[in-house]
Amino acid sequence: MQSEKLALITGGSRGIGKACALALAKCGYDIALTYQGNTEAANKTIEELKALNVQAKAYKFDVSNKAEVNENIENIIKDFGRIDVLVNNAGITRDDLFIRMDSEKWEAVINTNLNSAYYVTKPVVKVMMKQRIGAIINMSSVVGVYGNIGQANYASAKAGLIGFTKSLAKELGSRNIRVNAIAPGFIATDMTKDLANSEELLKLIPLKRMGTPDDIASAVKFLASETTYITGQVLEVDGGLVI
Ligand code: NAP
């Protein structure tokens, strides 16, 4: 199955990644999504994507494992022949106060949320450079811009993604590859289920609600648009949480 335009979304089986996959499919993109373990969720998302009359395939691998990433990206390129949009979205949290944070929690988050972007983007950029077109969107967080108690590992990884975004934007602009980041605030997904409907949290958000995965998908769709003259930016989508 060769594609006319393909979007690759890591962690595209659930939550924000799934909403991005569906939004881009509605714009006519074929979808390659990745996930780590929840095959049931991935299969359900693939069914929903196929119902939109696009080609869609799920790839199961650990984004923090360089060898697995290389093998799977190679397969995606063989399967679809091109990659127009990459959303580096897969991510985890392992929260703890810094004084109690063991190296396992530190490394798991840095490897899954930051090193993964290096592993995935490297082979994808080679394809985009040959095509002379591409859009890369890195899923950062407001925590990467402003820090957060109990999230030194997560904030470091998400801040790292911002530096990665700006550097690649400068390096790849001449090849017509745009690189941007999104910094979501609190978005209702499995990752934040413990925060759902917290009155304390809602007091901090001018729009008085948590965001939805679709709120983030709208921003991804906008930044993926081939007509956008935007690169190297961090778009905060947080209901005004940080103004
Ligand atoms: P989620 O609902 O927990 O979904 C996470 C996705 O990433 C799943 O598809 C999961 O696959 C995949 N994944 C996790 N670890 C992986 C690994 N090692 N290898 C491959 N895939 C892996 O998370 P979410 O809330 O949608 O968050 C998506 C992104 O947005 C993350 O980068 C997160 O940090 C960022 N973000 C979220 C919020 C928020 O409030 N939710 C705010 C700011 C930023 P399985 O289903 O197989 O586990």
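Sequential numbering from 1 along the given sequence is applied to the chain's residues. Given the structure is predicted, the values throughout are model-derived calculations rather than measurements. Reckoned from all heavy atoms, side chains included, excluding hydrogens, waters and symmetry mates. Counting starts at 1 for both ligands and their atoms, following the listed order.
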Checking the side chain of [X] only, and the main-chain atoms of [Y] only, is there a donor and an acceptor separated by less than 3.5 Å?
{"X": "S3", "Y": "G81", "answer": "no"}
{"X": "S167", "Y": "F164", "answer": "no"}
{"X": "D214", "Y": "A217", "answer": "no"}
{"X": "N89", "Y": "G12", "answer": "no"}

Measure the distances from the heavy atoms of [X] to every atom of ligand 1 and state whether one is below 4.0 angstrom.
{"X": "K18", "result": "no"}
{"X": "S13", "result": "yes"}
{"X": "S116", "result": "no"}
{"X": "N113", "result": "no"}
{"X": "S140", "result": "yes"}

Do any N/O atoms on Q36 end up under 3.5 angstrom from N/O atoms on ligand 1?
-> yes
Below 3.5 angstrom, do we get any N/O pair linking N38 and ligand 1?
-> yes
Joint hydrophobic cluster, V234 plus I177, side-chain heavy atoms closer than 4.5 Å = no
Check each atom of ligand 1 against the heavy atoms of [X] and keep those under 4.0 Å away; list them by number with element.
{"X": "I187", "answer": "39 (C), 40 (O), 41 (N)"}
{"X": "N89", "answer": "28 (C), 29 (C), 30 (O), 31 (C), 32 (O)"}
{"X": "S141", "answer": "43 (C), 44 (C)"}
{"X": "T192", "answer": "39 (C), 40 (O), 41 (N)"}
{"X": "G15", "answer": "2 (O), 26 (O)"}
{"X": "G11", "answer": "6 (C), 7 (O), 9 (O), 12 (C)"}
{"X": "T112", "answer": "15 (N), 18 (N)"}
{"X": "G37", "answer": "45 (P), 47 (O)"}

Charged N to carboxylate O below 4.0 Å: is that the case for [X] and [Y]?
{"X": "E200", "Y": "K203", "answer": "yes"}
{"X": "E48", "Y": "K44", "answer": "yes"}
{"X": "K50", "Y": "D30", "answer": "no"}
{"X": "D84", "Y": "R82", "answer": "yes"}

Which is closest to [atom] in terms of heavy atoms, [options]?
{"atom": "atom 33 (C) of ligand 1", "options": "Y154, F186, Y35, Y59", "value": "Y154"}
{"atom": "atom 27 (O) of ligand 1", "options": "I16, N88, T39", "value": "I16"}
{"atom": "atom 5 (C) of ligand 1", "options": "G91, A90, S64", "value": "G91"}
{"atom": "atom 42 (C) of ligand 1", "options": "A188, P213, A183, G185", "value": "G185"}

D96 side chain reached by N153 side chain, heavy atoms, under 4.5 Å = no
Any L6 side-chain heavy atom under 4.5 Å of I31 side chain | no
Write out the residue and atom name of the closest protein heavy atom to [atom], then the distance separating them to 0.1 Å.
{"atom": "atom 20 (C) of ligand 1", "value": "F61 O, 3.2 Å"}
{"atom": "atom 2 (O) of ligand 1", "value": "R14 NH1, 3.6 Å"}
{"atom": "atom 19 (N) of ligand 1", "value": "V63 N, 2.9 Å"}
{"atom": "atom 18 (N) of ligand 1", "value": "D62 OD1, 2.8 Å"}
{"atom": "atom 25 (O) of ligand 1", "value": "T189 OG1, 2.5 Å"}
{"atom": "atom 30 (O) of ligand 1", "value": "M139 CG, 3.4 Å"}

Mark yes or no: K5 above the aromatic ring of Y29, with NZ or CZ under 6.0 Å from the six-membered ring centre and no more than 45 degrees from the axis.
-> yes
